[in-house]
Amino acid sequence: MSRLFDSEIVQKEMDEMTETYTDLMMKVPYFAVMNREQREEVINDIEKLCDKQEILYSRATLMNDEDSEKLKQNFKNAAMDLGIPEEMVGLSIFKEARKVCQTMRDNLDKLL
């Protein structure tokens with residue numbers, strides 16, 4: 001039986017997520033002083049990260065191995081650390097994240 005993290009595709013996507021996350025953590029503190037284009041880039045990166053996380057989470061829910069169970073638990077723990085109730089953690093959380101990104105995008109002009 002294959003494990004989630006044995007997949008080269010999963011490993012590559014996790015590397016890309018780490019890179020995007022690291023880049024975002026360097027940019028987000030400066031969001032308030034960015035111009036519109038820079039803010040749009042940050043929002044695009046957040047959406048890209050959410051998309052990749054949703055795919056990874058979906059893969060984990062389809063597999064039944066130790067890696068998948070750990071990953072799902074890590075998602076739950078991270079969400080709960082952010083104050084998100086445990087019962088909200090799942091694929092629906094990514095839909096909510098997209099709504100937040102869209103709200104940010106809709107309000108870009110008000111933020112400048």
Side-chain angles (χ1 to χ4, degrees):
M1 181 173 149
S2 68
R3 293 171 50 132
L4 180 66
F5 298 132
D6 289 344
S7 166
E8 288 181 36
I9 293 170
V10 169
Q11 290 175 14
K12 181 182 177 218
E13 288 179 354
M14 289 188 66
D15 289 343
E16 290 173 3
M17 283 189 291
T18 300
E19 185 178 318
T20 302
Y21 177 81
T22 301
D23 187 47
L24 279 168
M25 290 303 98
M26 294 177 71
K27 291 178 181 176
V28 167
Y30 304 102
F31 192 80
V33 296
M34 292 179 174
N35 64 35
R36 181 181 181 83
E37 293 77 27
Q38 291 168 321
R39 289 179 180 187
E40 286 175 348
E41 181 181 318
V42 168
I43 294 169
N44 289 340
D45 287 347
I46 293 170
E47 289 174 329
K48 176 179 154 184
L49 184 59
C50 286
D51 289 344
K52 289 190 177 290
Q53 288 177 332
E54 181 178 24
I55 291 167
L56 181 62
Y57 191 86
S58 295
R59 284 186 173 128
T61 60
L62 294 173
M63 296 187 73
N64 189 21
D65 68 348
E66 186 179 330
D67 292 343
S68 299
E69 294 307 314
K70 283 182 182 178
L71 181 95
K72 290 186 288 186
Q73 188 59 50
N74 287 343
F75 266 93
K76 271 187 191 173
N77 293 343
M80 289 170 48
D81 287 346
L82 294 171
I84 298 168
E86 184 176 356
E87 61 273 5
M88 285 187 63
V89 178
L91 289 172
S92 62
I93 202 163
F94 299 102
K95 186 184 201 183
E96 294 303 314
R98 282 189 191 80
K99 287 180 186 176
V100 170
C101 287
Q102 186 58 51
T103 299
M104 289 174 67
R105 194 177 302 284
D106 292 345
N107 291 304
L108 270 178
D109 290 331
K110 295 176 188 171
L111 298 172
L112 294 174

Q: May I ask whether Tyr21 and Met26 are part of the same hydrophobic cluster, defined by side-chain heavy atoms of I, L, V, M, F, W, Y residues being less than 4.5 angstrom apart, directly or through others?
A: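 No, because Tyr21 and Met26 fall into different hydrophobic clusters, even though each may have its own neighbours under 4.5 Å.
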Q: Establish whether Leu4 and Ile9 are linked, either directly or via other cluster members, by ILVMFWY side-chain heavy-atom contacts under 4.5 Å.
A: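 Unlinked, Leu4 and Ile9 end up in two clusters.
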Looking at [atom1] of [X] and [atom2] of [Y], how far apart are the two atoms once the value is rounded to the nearest 0.5 Å?
X	Y	atom1	atom2	answer
Arg3	Asp67	CZ	CG	4.0 Å
Glu69	Lys72	CD	NZ	4.0 Å
Asn77	Met80	CG	CE	6.5 Å
Leu108	Met34	CG	CE	11.5 Å
Leu49	Thr18	CG	OG1	9.0 Å
Met104	Ile46	CE	CD1	4.5 Å

Q) Side chain of Asn44, backbone of Glu40: donor and acceptor closer than 3.5 Å? A)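 Yes, because the side chain of Asn44 sits within donor-acceptor range (under 3.5 Å) of the backbone of Glu40.
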(Q) Taking Arg105's backbone N and O only, do any of them form a donor-acceptor pair with Arg39's side chain (distance below 3.5 Å, no angle check)? (A)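 It does not hold such a pair.
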(Q) Hydrogens and angles aside, do Asp106 and Gln102 bring a side-chain donor and acceptor to less than 3.5 Å of each other? (A)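 Side-chain D/A pair, Asp106 to Gln102: present.
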Q) Are more than 12 heavy atoms from other residues, nucleotides or ligands located less than 6.0 Å from atom CG of Leu82? A)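 Correct, the count exceeds 12.
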So do [Y] and [X] actually touch side chain to side chain, heavy atoms under 4.5 Å?
X	Y	value
Phe5	Lys70	no
Lys27	Asp45	yes
Met14	Met17	yes

Show every donor-acceptor pair shorter than 3.5 Å between a side-chain atom in residues 52-63 and any protein atom, with sequence neighbours excluded, or say none if there are none.
| residue | atom | partner | partner atom | Å |
| --- | --- | --- | --- | --- |
| Lys52 | NZ | Glu16 | OE1 | 2.8 |
| Glu54 | OE1 | Arg98 | NH1 | 3.2 |
| Glu54 | OE1 | Arg98 | NH2 | 2.4 |
| Ser58 | OG | Glu54 | O | 2.9 |
| Arg59 | NH1 | Glu13 | OE1 | 2.5 |
| Thr61 | OG1 | Ser58 | O | 2.7 |

Q | Step-by-step side chain to side chain contact (heavy atoms under 4.5 Å, CB included) determination, Asp15 to Glu19 | A | CA-CA 6 Å; Asp15 289 343; Glu19 185 178 318; over 6 Å; no
